[in-house]
Amino acid sequence: MRNVELARCFRDLAAYLEMEDVPFKPRAYEKAALAIESYDRPLEEVYRQGGVKALRAIPGIGASMADKLEELIKTGKCALREQYYARMPVDIATLTAIEGVGPKAVKVLHEKLGVRTVEDLEAAARAGKVRSLPHFGERSEEKILKALAFVQTSGARQPLAVTLPLVEQIAGALARVPSVEQVAIAGSVRRRKETIGDADLLAVARKPDAVMRAFVGLPPVTRVLGQGDTKSSVKLASGLQVDLRVVPAESFGAALCYFTGSKAHNVALRQLAIKRGYKLNEYGLFRGERRIAGRTEEEIYARLGLAYIPPELREDQGEIDAARAGTLPRLIEADALRGDLQTQTDWTDGADSIEEMARAAKTLGLEYVAITDHTRSLAMTRGSDEAKLRKQMLEIDRLNARLGGIRVLKGAEVNINKDGTLDIDDETLAALDVVGVAVHSYFNLPRAEMTARIIRAMRNPHADIL
DNA sequence: GCCGTTTTCGGCCCGACTGTTTTCAGTCG
Ligand SMILES: Nc1nc2c(ncn2[C@H]2C[C@H](O)[C@@H](COP(=O)(O)OP(=O)(O)OP(=O)(O)O)O2)c(=O)[nH]1
Ligand SMILES: [Mg+2]
Ligand SMILES: [Mg+2]
């Protein structure tokens with residue numbers, strides 16, 4: 001059973017327990033579900049190698065849950081979940097995935113109307129049967145119907161690269177709204193997660209209500225999920241949900257910390273604050289009534305006795321202990337990049353000259369840049385042959401003599417022929433500083449032939465990079 | 001149900017928005 005399926009079972013249990021108003025256990029199962037989902041190894045494998053004991057070692061998993069995981073892995077079933085399902089046979093995961101529908105709503109819908117699936121719910125709402133239920137009304141029935149229409153368009157997480165440009169555009173539009181002093185991207189986008197559920201934006205503004213009006217009126221907004229003075233949520237035409245919080249400047253750091261998350265990181269930070277006699281929320285770090293930090297994230301972490309934790313690490317995976325002990329890892333930042341070993345110029349299919357590329361690399365703060373134009377069998381790029389490469393090497397020598405602060409390396413992106421030989425002779429390759437080799441043709445060779453081809457290319461003593 | 005450099009028992013993050021509610025529960029961030 002895959003981790004997502006194990007997590008799903010625990011989520012179901014959390015929802016069932018929530019229905020019954022069981023205290024604390026729902027949180028425990030939800031926390032465990034999250035831990036399982038984001039665990040970097042299949043739990044089946046963990047169990048195979050270390051048994052129940054190894055499962056128990058995962059934070060958030062104790063004796064009871066480890067036993068349930070063992071049961072799930074061995075039998076594919078969980079007796080407790082089956083028991084709950086027998087009592088209330090509902091598609092709890094899909095139903096609670098509907099915006100605004102939680103365990104308590106599912107309970108009423110099932111008990112009073114026999115709703116088991118999303119289709120049942122849609123039929124009941126259309127028939128106007130939902131409005132007369134206890135704790136429901138005309139408006140909530142309407143809300144459910146609207147949310148149902150969006151079940152298809154939302155849901156799936158999107159790659160960061162897809163979401164980031166959209167988010168930056170919205171953030172830019174917000175920054176131009178009058179009275180807005182500051183806009184920040186928060187949430188999983190700021191933590192640079194690989195996939196993004198929704199976008200979270202933070203703003204500092206003197207007139208929050210005007211900002212909220214502008215926000216919900218932005219062109220790409222197709223639906224307003226909620227709108228208040230400090231928090232609003234919308235959906236864009238693309239299906240992306242965007243949440244906006246507006247806070248005063250003295251709370252900016254605390255709010256950025258809160259809204260950046262992750263949730264697990266927030267809970268752990270807040271627990272630490274309690275232990276130190278403080279209270280932490282999105283408005284600041286408080287001792288009694290007095291705010292002792294809040295304007296910047298740095299002062300929040302400092303007053304909690306922690307080193308500043310970069311957003312990318314805020315997942316409650318040990319970073320708080322490391323920050324306390326001063327043993328946080330140094331992240332690889334953009335400025336750690338020393339050089340670029342693959343570039344093309346106007347000698348082949350690139351747009352700029354060698355000198356322009358060198359100057360651009362220098363501006364980027366690089367120490368070196370390799371010029372690696374394509375080689376002859378890529379005819380459409382006017383790929384280099386030996387003579388052209390020799391000529392280019394001379395030009396690079398002259399350029400290096402002239403330019404300071406950047407070293408231009410002589411290179412090539414050499415074609416791997418069908419048989420694994422290279423399309424530039426060894427003598428010329430030997431004169432280059434860096435040789436990349438790449439397949440640009442015959443992409444569909446049988447696996448064995450392709451492998452032999454690549455290995456032969458790599459065996460060329462001048463090949464540095466595949 | 002989980003957890004622990006102050007605890008193996010007694011705590012468990014904190015607040016915004018909505019709708020139905022007569023004072024707050026449910027859902028969500
Ligand atoms: N303290 C606290 N903060 C929360 C809670 N839920 C969410 N947050 C904070 C931390 C989250 O990173 C932030 C944004 O919430 P989201 O639901 O958008 O989560 P996030 O962006 O981390 O992931 P996503 O990619 O949207 O699924 O709000 C909570 O229950 N308690
Ligand atoms: Mg988000
Ligand atoms: Mg969000």
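Treat the numbers as computed from the prediction; the structure is a model and nothing was measured. Residue numbers start from 1 in every chain, and the chains themselves are labelled A, B, ... in the order their sequence lines are given, proteins ahead of strands.
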- Message: What contact category does A:A273 fall into here, base, sugar-phosphate, or nothing, at under 4.0 angstrom with non-hydrogen atoms?
- Response: nothing

- Message: Any base atoms under 4.0 Å from A:L280, or only sugar-phosphate, or nothing? Heavy atoms, all strands.
- Response: sugar-phosphate

- Message: Say we look at B:dT23 and B:dT18: how far apart would their C1' atoms be, to the nearest angstrom?
- Response: 15 Å

- Message: Using whole Å, what does the distance between atom P of nucleotide B:dT27 and atom CZ of A:R139 come to?
- Response: 18 Å

- Query: Does A:F150 have A:R223 sitting over its ring (NZ/CZ under 6.0 Å from centre, angle to axis within 45°)?
  - Reply: yes

- Separation between the P atoms of B:dT20 and B:dC28, rounded to whole Å: 16 Å

- Message: On the six-membered ring of A:F286, is A:R303 placed so that its NZ or CZ lies under 6.0 angstrom from the centre and within 45° of the ring axis?
- Response: no

- Do we see A:F24 stacking on the base of B:dC12, given a limit of 5.5 Å between centres and 30° between planes? yes

- Item | Distance-only polar pair, side chains of A:R206 and A:S179, donor-acceptor under 3.5 Å | no

- Task: Measure from the side-chain N and O atoms of A:T363 to the backbone N and O of A:R359, and report whether any donor-acceptor pair falls under 3.5 Å.
- Result: yes

- A:E138 near the nucleic acid: base, sugar-phosphate alone, or nothing, with a heavy-atom cut-off under 4.0 Å? sugar-phosphate

- Query: So what's B:dT8 paired with, Watson-Crick or G-U wobble, going by both distances under 3.5 Å?
  - Reply: none

- Same-atom distance (P) from B:dC2 to B:dT6, integer angstrom: 24 Å

- Query: So what does A:A32 touch, heavy atoms closer than 4.0 Å: a base, only the sugar-phosphate, or nothing?
  - Reply: nothing

- Message: Does A:L80 reach a base, just sugar-phosphate, or nothing at all? Heavy atoms under 4.0 Å.
- Response: nothing

- Rounded to whole Å, the CG-P distance (A:L95 to B:dC28) equals 12 Å

- Message: Without decimals, in angstroms, what is the distance between A:I144 CD1 and B:dT20 C1'?
- Response: 14 Å

- Contact under 4.0 Å: A:Q241 side-chain N or O vs B:dG29 OP1/OP2: yes

- Between B:dG29 atom C1' and A:E30 atom CD, what is the distance in whole Å? 13 Å

- Message: Side-chain N or O of A:N281 versus OP1/OP2 of B:dG15: is the shortest distance under 4.0 Å?
- Response: yes

- Item | A:T163 (side chain) donor-acceptor with A:P159 (main chain) under 3.5 angstrom | yes

- Message: Can you check the distance between B:dT21 and B:dA25, where both ends of the measurement are the C1' atom (answer in whole Å)?
- Response: 9 Å

- Item | Nearest-angstrom distance from the residue atom CG of A:L244 to C1' of B:dC17 | 14 Å

- Query: Is the shortest side-chain N to carboxylate O distance from A:R407 to A:E367 below 4.0 Å?
  - Reply: no

- Message: If you assign each of A:K68 and A:G137 to its closest nucleotide in DNA chain B, which residue comes earlier from the 5' end?
- Response: A:K68

- Task: Kindly say if A:S140 contacts the phosphate of B:dT20, meaning a side-chain N or O under 4.0 Å from OP1 or OP2.
- Result: yes

- Task: Starting from the 5' end of DNA chain B, give me the residue, A:K275 or A:E99, whose nearest nucleotide shows up first.
- Result: A:K275

- Message: Can you tell me if A:Y283 touches the phosphate of B:dA16, counting only side-chain N or O atoms and a distance under 4.0 Å to OP1 or OP2?
- Response: yes

- Query: Base, sugar-phosphate, or nothing: which does A:L225 touch, judged by heavy atoms less than 4.0 Å apart?
  - Reply: nothing

- Task: Look at the side-chain N and O atoms of A:S233 and state whether any lies under 4.0 Å from the OP1 or OP2 oxygen of B:dC17.
- Result: no

- Quickly work out the A:K146 NZ to B:dT27 C1' distance and round it to whole Å. 18 Å

- Message: Mind checking if A:D243 touches a base, just sugar-phosphate, or nothing, with heavy atoms under 4.0 Å?
- Response: sugar-phosphate

- Using only side-chain N and O atoms of A:S64, determine if any of them is under 4.0 Å from OP1 or OP2 of B:dG1. yes

- Query: How is A:P103 classified with respect to the nucleic acid when contacts are heavy atoms under 4.0 Å: base, sugar-phosphate, or nothing?
  - Reply: sugar-phosphate

- Message: Please determine whether any donor N or O and acceptor N or O are separated by less than 3.5 Å between the side chain of A:Y258 and the base of B:dG29.
- Response: yes

- Query: Are A:E282 and A:R245 within salt-bridge range, i.e. N to O under 4.0 Å?
  - Reply: yes

- Item | Nucleotide B:dG15, atom P - distance to NZ of A:K231 in whole Å | 13 Å

- Between B:dT22 and B:dC13 - P atom distance, rounded Å: 29 Å

- Message: What is the separation between atom CG on A:L17 and atom P on B:dC2, rounded to the nearest whole Å?
- Response: 12 Å

- Please check the phosphate of B:dG15 (OP1 and OP2 only) for any side-chain N or O of A:K279 closer than 4.0 Å. yes

- Message: Taking the minimum atom-to-atom distance to the side chain of A:Q227, which one of B:dT18, B:dG19, B:dG29 wins?
- Response: B:dT18

- Message: When you measure from the side-chain N and O atoms of A:K25 to the phosphate of B:dG1, is any distance below 4.0 Å, counting only OP1 and OP2?
- Response: yes

- Query: When we call it a touch if two heavy atoms are under 4.0 Å apart, what does A:P23 touch: a base, just sugar-phosphate, or nothing?
  - Reply: nothing

- Polar side chain donor-acceptor pair, A:S233 to A:D243, under 3.5 angstrom: yes

- Message: From C-beta outward on A:K143, which listed nucleotide comes closest to its side chain: B:dT18, B:dA16, B:dC12?
- Response: B:dT18

- Message: When you compare the side chains of A:H440 and A:E413, does any donor N or O come within less than 3.5 Å of an acceptor on the partner?
- Response: yes

- Message: Of the listed nucleotides (B:dC28, B:dC12, B:dT20), which one gets closest to any side-chain atom of A:Q271?
- Response: B:dC12

- Distance, C1' atom - from B:dC12 to B:dT7, rounded to whole angstrom: 14 Å

- Message: Over all strands shown, is A:R245 touching base, sugar-phosphate only, or nothing at heavy-atom distances under 4.0 angstrom?
- Response: sugar-phosphate

- Query: What does A:I274 touch in the nucleic acid at a heavy-atom separation under 4.0 angstrom: a base, only the sugar-phosphate, or nothing?
  - Reply: sugar-phosphate

- Is there a side-chain polar atom (N or O) of A:K104 under 4.0 Å from OP1 or OP2 of B:dG26? yes

- Item | Inter-nucleotide C1' distance (B:dG15, B:dG10), Å rounded | 25 Å

- Query: Roughly how far apart, to the nearest Å, are B:dT8 and B:dG1 at atom C1'?
  - Reply: 15 Å

- Message: Under 3.5 Å, is there any donor-acceptor pair linking the side chain of A:R270 to the base of B:dC14?
- Response: yes

